[in-house]
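Just so you know, these numbers use all the heavy atoms, side chains as well, and skip hydrogens, waters and symmetry mates. Each ligand, and each atom within it, is numbered from 1 in the order the structure gives. Note that this is a predicted model, so its numbers are computed, not measured.
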Amino acid sequence: MPGFEIFSKEERKEVEDVLETGVLFRYGFDQARQGHWKAKTFEKEFAERLGAGYCHLCSSGTAALSIALASCGIGAGDEVVIPPFTFVATIEAVLNAGAVPVFAEIDETLCLDPEGIEPAVTSRTRAVLPVHMCGSMARIEAIKQLCDEKGLILIEDACQAVGATFNGKALGTFGHMGCFSFDPVKTITCGEGGAIITDGRELYMTADAYTDHGHDHIGDDRGLEGHPILGTNFRISELNAAVGLAQLRKLDLILEKQRSHKKAIKAALSEFSEISFREIPDQEGDSATFLSFFLPDESRAREVADEFAQTGVDGCFYWYDNNWHYIRQWDHIKTLKSAAKLPVKLLESCPDYNKLELPKSDAIMSRTISMLIKLSWTEEEISQRIEKIASVLTR
Ligand SMILES: *Cc1c(COP(=O)(O)O)cnc(C)c1O
């Protein structure tokens with residue numbers, strides 16, 4: 001998955017353009033920057049590549065989520081339906097907006113189950129925030145339909161799924177806004193960076209202003225710009241945008257490699273009857289950053305994960321025991337422990353996450369192993385990996 005595996009002269013060239021001019025700020029300095037607008041160029045090319053009306057680049061995927069929530073008007077006391085299998089950033093963004101994360105079950109897509117959303121909806125629900133985990137997609141059409149019926153905002157966390165599509169349409173373009181991360185381990189990276197995309201001009205304008213202290217970015221004198229709203233600083237630097245621009249231009253190459261590597265490993269795993277695969281609503285659209293599969297039960301999944309590790313089948317994740325991506329190990333969320341008092345604690349409706357029960361998600365996650373698909377694997381390394389996998393599964 002990680003784009004850093006293929007850093008080369010292209011990234012260096014884009015960064016050198018910026019260093020040569022000394023303009024590290026994405027706005028202004030029109031003369032000094034000698035025509036180099038890395039953030040702006042990234043935004044234009046990204047929106048075109050994904051078929052979105054607008055893109056705004058920002059400092060991280062977490063920032064993108066905060067920007068999306070704010071721009072869609074999600075704030076104090078609003079409830080947001082989210083899945084328990086995600087990166088903690090999704091939950092932090094909701095809490096930091098003063099809003100309330102409401103967890104709903106996932107299904108065999110490893111993403112929010114459309115049928116799990118309805119029971120989580122209350123009179124306070126304003127938005128649904130599905131996360132397209134591990135490079136593939138949620139049942140996004142069904143989720144969108146449900147949101148439309150109920151008048152809910154749909155924000156997609158596509159931080160792990162850049163370049164993935166459902167029926168030919170890019171993930172991130174189904175909702176009001178889509179969020180992406182270009183952190184150091186994502187499919188393409190800026191070092192640190194993120195983006196929102198949207199088709200809504202108003203939403204885009206709000207996002208653009210919110211990311212930069214409310215500046216309306218009208219005219220060519222920053223000191224004279226209006227500030228229609230309060231915002232914050234989630235800006236990206238030109239240096240980070242420059243790396244991302246070179247990486248973006250490699251996205252198709254990255255996807256092609258991942259898909260071919262994944263296909264080989266998946267074919268080998270298919271030989272074993274105890275293995276079944278994560279449901280992927282549109283196989284063609286899978287970005288193939290991970291191969292996720294199920295074992296018959298929890299104890300067998302644990303056993304296989306351990307034996308893979310011992311045999312040198314690296315890059316495998318048993319999320320159920322891992323404190324990165326599944327709520328089971330997140331005591332800081334269950335106790336709402338942050339550096340300071342969170343706004344959610346002022347609410348009468350503040351949930352007690354210690355009492356949270358997600359039996360369906362537990363049943364799925366306890367049987368799931370995900371294998372990272374690397375770009376740098378050679379044919380030989382793939383064959384060796386397949387041999388090791390087979391040696392574990394035939395034991
Ligand atoms: C990486 C990630 C984020 C946060 O992105 P950062 O750029 O690291 O802040 C949010 N959601 C998901 C699902 C992610 O994988």
Does Glu115 CD have over 12 foreign heavy atoms under 6.0 Å away? no
Just say parallel, tilted or perpendicular for the rings of His332 and Trp330, cut-offs at 30° and 60°. perpendicular
Salt-bridge present (Lys13, Glu16; N to O < 4.0 Å): no
Quick test of your reading: applying ring-ring contact (aromatic ring centres under 6.0 Å, His included), list the pairs with at least one residue in residues 86-129, sequence neighbours left out, ordered by first then second residue. Phe87-Trp324, Phe87-His325, Phe103-Tyr353
Does either side chain, that of His132 or that of Gln160, offer a donor lying less than 3.5 Å from an acceptor on the other one? no
Sorted by chain and number, the residues that approach ligand 1 to under 4.0 Å with a heavy atom: Ser60, Gly61, Thr62, Leu65, Thr86, Phe87, Ala89, Thr90, Val131, Asp157, Cys159, Gln160, Ser181, Asp183, Lys186, Gly193
Please work out which of the three classes, parallel, tilted or perpendicular, describes the rings of Phe293 and Phe308, given edges at 30° and 60°. perpendicular
